[in-house]
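Here the structure is laid out as C-alpha cells; the discussion comes afterwards.
Lettering follows sequence order; numbering is per chain, from 1.
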There are 2 protein chains.
Amino acid sequence: MSETRSRGAGIRSTAEDQRVRIVARAVDVFAVSGYKATPVAEVAAAAKVSPAYVFRLFEGKLGLFVAAVDDCYAQVAAALVAAGGEEGTPAARLELMTQAYIELIRDRSLIALQVHAQSACDVPEIQDAVRRGLATVVRAVAGASGAGDDSVQRFIAYGQLCHLVVQAGLAEVDTAWARVVDHGIRHD
Amino acid sequence: MSETRSRGAGIRSTAEDQRVRIVARAVDVFAVSGYKATPVAEVAAAAKVSPAYVFRLFEGKLGLFVAAVDDCYAQVAAALVAAGGEEGTPAARLELMTQAYIELIRDRSLIALQVHAQSACDVPEIQDAVRRGLATVVRAVAGASGAGDDSVQRFIAYGQLCHLVVQAGLAEVDTAWARVVDHGIRHD
DNA sequence: CGCAATTGTGACTGTCCAGTCACACACAAC
DNA sequence: GTTGTGTGTGACTGGACAGTCACAATTGCG
C-alpha cells in the first residue's frame, strides 16, 4: 500500500499529510476571526505544530488562508451534492440541498469562513479563491439539481441569508424583526 | 438658530461637526479593507486630521468603527424608505426598494461596510451594531412597504446576494455561473 | 490683561505578528 | 560510521499600529 519510492519525483511522506491536517484546522480557526485578525500562530497551535513549520508548508499567511478557503468551498459543494440525492424533481432536490445547508450551520465554520473570505476580497488572491469556490458551488448545485437559473440564484441568495443569521447570532435575538429574517432557518 | 449657550451642558462647538465628518470618512475608508485591516491613521488622513485627535473623539478604534456602522445602516434605511414612495401596492414598493438597493452598489461603500461588519461579528460591540442596524432596516422596509414577512425576508436575502456580487466583483466575471448569480443585479 | 476651556498635534511607547534562519532530529543508503 | 534528504523548531528581527501624553494654538470671558 504505502509505496516507498526509491527515487524520482515527490517522496510522499507525512509532509503532505501535515498540509491537509493544517488546512483542516485552519478552516476552523480562521472561521472565528477571519484573515487579518487571526495570527498564523493560532492555526499552528491548533494543529500542534510550530508557526515556523506552517510558513514552510505554505506560501505565507495568504497561501494558508487561500488553501483553507478552497477546502471550505469544496466541502460545501460536496455536502450539497450528497444531499441532493439521486432522483426527484429539481425543486425537491433543491429543497433537500437547502435543508442540508441549514444543517451546515451547526458547524458554523464553513459558513463563517465564507463570510470572512467575502469580506477579505480586497486581496486579489482571496477574491480569486471566492470566485473559484462560488463557481464550484453554483455548478455543483445547478448540475446535481437540474434546477433553472432563477431557482439556483434563489438558493444562493438564501444561502447568503444564512450567513447573516449565523454571524449576527439571530437565534439568540427574540424579537419580531429577527424572526422575520430568521424564519425557516431556525436552528438550535 | 445657532445657540451659543452661556453655560450648562455641551458647548456645541465644531467638535461635534468633526465627529460627523470623521464618521462619514470612516464609512468610506473602513469599507475598503474592514475593521482589523484598516489603521485608524488612514481614516484620520482621509478626514485631514491627526490620528491622535480621532482617538480623542472616539472610544478607541472600536468606537469609531461602531459609529461608522451605525451611520451606514441609517443611510441604507433612509435610502430605502425614500425609494419606497408614498403609495402603491406593497409588492410594487418592495420592487422600488430593491432597485434602490441595487443602485446603492454604485457607491460600494455602504454595501462593503455591511459585509465587513458582519464579518467582524466576533467582537460583541460590532455584533450589537449589526443587530441594531438590521433591526432598523427590517423595520423600515416592513413599515414603509407594508409587505408581509416572507416578502421582507426575500428582500433581505436578495440584499445579501448583492453583497456577494459586489465583493466577488462578479460584474467582471464573464462566465455562465457568474451570470446565474448576477442576474438582475447587473451594474456598470 | 489673565484665566479657563476646547481644539488639535508631534512624538513617543508597548505590543503583536509575519516571516526568516540556523540548527536539531530521524532515518535512509552506502 | 557518514552523508544526504526530509521533517520540525527555537530564537530572532523588522515593521506596523493602537493608544497616550505633554504640549501648542485658538477662542471666549471677566
Side-chain angles (χ1 to χ4, degrees), chain A residues 2-23 25-26 29-30 32-68 116 120 122-126, chain B residues 2-23 25-26 29-30 32-68 116 120 122-126:
Chain A
S2 62
E3 50 188 38
T4 32
R5 44 173 79 269
S6 47
R7 52 191 313 264
I11 277 88
R12 283 293 174 270
S13 69
T14 53
E16 199 57 25
D17 300 345
Q18 292 286 46
R19 236 193 90 97
V20 311
R21 272 195 51 241
I22 292 170
V23 169
R25 306 308 299 134
V29 176
F30 276 125
V32 178
S33 300
Y35 176 56
K36 199 60 194 281
T38 305
V40 171
E42 219 163 296
V43 176
K48 315 246 200 203
V49 167
S50 74
Y53 191 44
V54 176
F55 279 105
R56 168 167 296 194
L57 291 184
F58 296 87
E59 280 227 346
K61 186 185 183 179
L62 183 53
L64 173 62
F65 186 75
V66 168
H116 287 127
D122 57 306
V123 180
E125 289 87 343
I126 298 179
Chain B
S2 61
E3 50 190 37
T4 30
R5 42 175 81 269
S6 48
R7 50 189 315 265
I11 277 86
R12 281 295 173 274
S13 70
T14 52
E16 199 57 25
D17 299 347
Q18 292 286 47
R19 237 193 88 96
V20 311
R21 271 194 52 240
I22 292 171
V23 169
R25 305 308 300 136
V29 176
F30 276 125
V32 178
S33 300
Y35 177 56
K36 197 62 193 281
T38 306
V40 171
E42 218 163 297
V43 177
K48 315 245 198 203
V49 168
S50 75
Y53 190 44
V54 175
F55 279 105
R56 168 166 297 193
L57 292 185
F58 297 87
E59 281 227 345
K61 186 185 183 179
L62 183 53
L64 174 61
F65 187 75
V66 167
H116 287 126
D122 57 306
V123 180
E125 289 88 343
I126 297 178

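One atom, CZ of A:Phe30, and another, C1' of C:dC17, lie 13 Å apart when rounded to the nearest Å. Remark: P of C:dC17 and CG of A:Leu64 are 15 Å apart, rounded to the nearest angstrom. Per the geometry, CG belonging to B:Asp17 stands 14 Å off C1' belonging to C:dT6, to the nearest Å. Counting to the nearest Å, the C1' atom of D:dT9 and the CG atom of A:Leu57 are 13 Å from each other. Atom OH of B:Tyr35 is separated from atom C1' of D:dC17 by 12 Å (rounded to the nearest Å). Spacing between atom CZ of A:Phe65 and atom P of C:dC17 amounts to 16 Å, rounded to whole angstrom units. One atom, NZ of B:Lys36, and another, P of C:dT15, lie 16 Å apart when rounded to the nearest Å.
Among D:dG19, C:dG8, C:dA18, the nucleotide with an atom closest to any side-chain atom of B:Lys61 is D:dG19. Considering only the side chain of B:Phe55, D:dG19 comes nearest among C:dG19, C:dA22, D:dG19. Which of D:dA18, C:dT7, C:dA22 sits closest to the side chain of A:Arg56 comes down to C:dA22. Nearest nucleotide to the A:Ser50 side chain, out of D:dG10, D:dT7, C:dT7: D:dG10.
A distance-only check finds a donor-acceptor pair linking the side chain of B:Arg21 to the backbone of B:Ala47 [under 3.5 Å]. Side-chain atoms of B:Lys36 do not come within 3.5 Å of backbone N or O of A:Tyr35 as any donor-acceptor pair.
Each of B:Gly60 and A:Tyr53 has a nearest nucleotide on DNA chain D; the 5'-most of these lies closest to A:Tyr53.
For the OP1/OP2 pair of C:dT7 and a distance below 4.0 Å, the side-chain nitrogens and oxygens of B:Gln18 include no atom meeting the criterion.
Atom-to-atom distance recorded for A:Asp17:CG and A:Ile22:CD1 is 10.5 Å, nearest 0.5 angstrom. In this structure, CD on B:Gln18 lies 5.0 Å from OH on B:Tyr53, to the nearest 0.5 angstrom. Here the CG-CZ distance, from B:Leu64 to B:Arg25, works out to 12.5 Å after rounding to the nearest 0.5 Å. Atom CZ of residue A:Arg56 and atom CZ of residue A:Arg19 lie 14.5 Å apart, to the nearest 0.5 angstrom.
Residues of residues 39-49 of chain B having a heavy atom closer than 4.0 Å to DNA chain D, listed by number: B:Pro39, B:Val40.
Between B:Phe30 and B:Phe65, the ring planes lie perpendicular to each other; the angle is over 60°, past the 30° to 60° tilted range.
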